[in-house]
**Q** 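For reference, the structure I am asking about is given below.
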Number of protein chains: 2
Amino acid sequence: MAGHKLDEIDRKILAELQADGRMTNVELAKRVGISAPPCLRRVRTLEDTGYIKGYHAEVDARALSFEVQVFAMVGLVSQAESDLAAFEDRCQDWPLVRECHMLNGEVDFVLKCVAPDLSSFQSFLTGHLTSAPNVASVKTSLVIRCRKDQPGVPFDVLEERLAQRA
Amino acid sequence: MAGHKLDEIDRKILAELQADGRMTNVELAKRVGISAPPCLRRVRTLEDTGYIKGYHAEVDARALSFEVQVFAMVGLVSQAESDLAAFEDRCQDWPLVRECHMLNGEVDFVLKCVAPDLSSFQSFLTGHLTSAPNVASVKTSLVIRCRKDQPGVPFDVLEERLAQRA
DNA sequence: GGTGAAACTTGGGACAG
DNA sequence: CTGTCCCAAGTTTCACC
């Protein structure tokens, strides 16, 4: 899958498509300094090998009346692998949970949730999350504001590291 | 900006482009059930009014040797607005910090960070984050695994709510 | 990696409801 | 104002070097 090695042009393609996923192939080819056909071949290879996992429009949650964003820290009673996996499976079925990360330390999971308003979040919280099997504790924190929300990875850091090794 | 009201076709367009941001306009038009030109006009309007804030390729961080993902809970000494804003400004300059959310409750900010490995994260942590002005406490949690990571909002929840109101 | 050519897509104009 | 039909310009994607 990811055993394929990337050259500088591949990394530039990834950086450009991460910044603007709807760029036309000719524009992309111009920016990375090759002609369109080999550029498209590289993009297809990056998609097929899993470097590119998809393309998404970034929609404004607030404009769509999802006014509330919440981080929920979840502790479980049992941390046996089957119980961890069972909780993750449950998260798949909850549309308000957008991300589910298993953590080290005191807390077992952090969930990033969205909801149209506080009351619909609270009915999810009490009706589904805290009442789910094996859930010991849930601490929630409302997002007051978000001034940085960048997807993906910082390619400039990657290039710096590669430059230092050379 | 967002005062523009959306009809069902607009919401379908947003849902489709959130799921696949590289879909061609004709494919999109077919899926939402109108012809291509008005479909494109709607997409442009959604972009111009801010419902669509951008398009991004989803790249595989691990494949690009960003092996480490960390959530950092940050408490500040002073929560005066100017001090909160100063911390947010600093986050803009740290490429390893991908998201910076201000929270209510005991902790002031949660940061989602990526790094190539543990040692580079720790040098960022001690060299930049914990040593930044006004930072009182930083608690970090390594992401062990992530089984759900969906961008954006759940459109099915939105449609359900609209159906119930009708 | 580049070139050329066919098929398709984009995006505008003219026009109907 | 939003939809449909049509057409030129541009884009994708093929076979080939």
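Not measured: the values here are computed from a predicted model. Chain letters run A, B, ... following the sequence lines, proteins first and then strands; every chain starts at 1.
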**Q** What residues form a side-chain contact (heavy atoms from CB on, under 4.5 Å) with B:Ile144, not counting sequence neighbours?
**A**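 side-chain contact (heavy atoms from CB on, under 4.5 Å) list for B:Ile144, sorted by chain: A:Met102, A:Asn104.
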**Q** Taking only residues two or more places apart in sequence, or in another chain, which ones meet B:Arg44 in a salt bridge (charged side-chain N to carboxylate O under 4.0 Å, His left out)?
**A**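 Counting only residues at least two positions away or on another chain, B:Arg44 forms a salt bridge (charged side-chain N to carboxylate O under 4.0 Å, His left out) with B:Glu47.
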**Q** Return all side-chain donor-acceptor pairs below 3.5 angstrom for residues 105-117 of chain A, not counting sequence neighbours, or 'none' if the list is empty.
**A**
unit_1, atom_1, unit_2, atom_2, d
A:Asp108, OD1, A:Gln79, NE2, 3.4
A:Asp108, OD2, A:Leu76, N, 2.7
A:Asp108, OD2, A:Gln79, NE2, 2.9
A:Lys112, NZ, A:Glu99, OE2, 3.3
A:Lys112, NZ, B:Glu99, OE1, 2.8
A:Asp117, OD1, A:Ser119, N, 3.3
A:Asp117, OD1, A:Ser119, OG, 3.2
A:Asp117, OD1, A:Ser120, N, 2.8
A:Asp117, OD1, A:Ser120, OG, 3.0
A:Asp117, OD2, B:Arg161, NH2, 3.3

**Q** What is the distance, rounded to the nearest whole Å, between atom CD1 of B:Ile13 and atom C1' of D:dT2?
**A**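 Distance, rounded to whole Å: 12 Å.
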**Q** Could you state the CZ-C1' distance from A:Arg44 to D:dT13, rounded to the nearest angstrom?
**A**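 So the CZ-C1' distance, A:Arg44 to D:dT13, works out to 9 Å.
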**Q** B:Arg42 CZ to D:dG3 C1': how many Å, rounded?
**A**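 Result: 9 Å.
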**Q** Excluding sequence neighbours, so at least two apart, what forms salt bridge (charged side-chain N to carboxylate O under 4.0 Å, His left out) with B:Arg98?
**A**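 Per chain and number, B:Arg98 pairs via salt bridge (charged side-chain N to carboxylate O under 4.0 Å, His left out) with no residue.
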**Q** What is the first contacted nucleotide of DNA chain C and what is the last, in 5' to 3' order, if contact means an atom lying under 4.0 angstrom from a heavy atom of chain B?
**A**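 Contact span on the strand: C:dT9 to C:dG12.
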**Q** Within residues 18-37 of chain B, find the residues that approach DNA chain C with a heavy atom at under 4.0 Å, and present them sorted by residue number.
**A**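 Contacts with DNA chain C under 4.0 Å: B:Thr24, B:Asn25, B:Val26, B:Pro37.
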**Q** Mind grabbing the angle between the end helix axes of the helix from C:dG1-D:dC17 to C:dG17-D:dC1? Five pairs an end, 10° rounding.
**A**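 It works out to 30° between the end axes.
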**Q** With sequence neighbours left out, write down each residue that passes ring-ring contact (aromatic ring centres under 6.0 Å, His included) with A:Phe155, or none if nothing qualifies.
**A**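 With sequence neighbours excluded, A:Phe155 shows a ring-ring contact (aromatic ring centres under 6.0 Å, His included) to no residue whatsoever.
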**Q** Only counting residues at least two apart or in another chain, list the ones meeting ring-ring contact (aromatic ring centres under 6.0 Å, His included) with A:Phe71.
**A**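 B:His101.
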**Q** Quick one: side-chain contact (heavy atoms from CB on, under 4.5 Å) partners of B:Ser123, sequence neighbours excluded?
**A**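 Counting only residues at least two positions away or on another chain, B:Ser123 forms no side-chain contact (heavy atoms from CB on, under 4.5 Å).
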**Q** With sequence neighbours left out, which residue pairs that include part of residues 123-134 of chain A fulfil the salt bridge (Lys or Arg N to Asp or Glu O under 4.0 Å) condition?
**A**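 Found none.
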**Q** Under 4.0 Å between a Lys/Arg side-chain N and an Asp/Glu carboxylate O for A:Glu159 and A:Arg11?
**A**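 The answer is yes: the pair qualifies as a salt bridge.
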**Q** According to side-chain hydrogen bond (donor to acceptor under 3.5 Å, both in side chains), does anything in residues 18-28 of chain B pair up with another residue at least two apart or in another chain? List the pairs.
**A**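 Listed by first then second residue: B:Glu27-B:Arg31.
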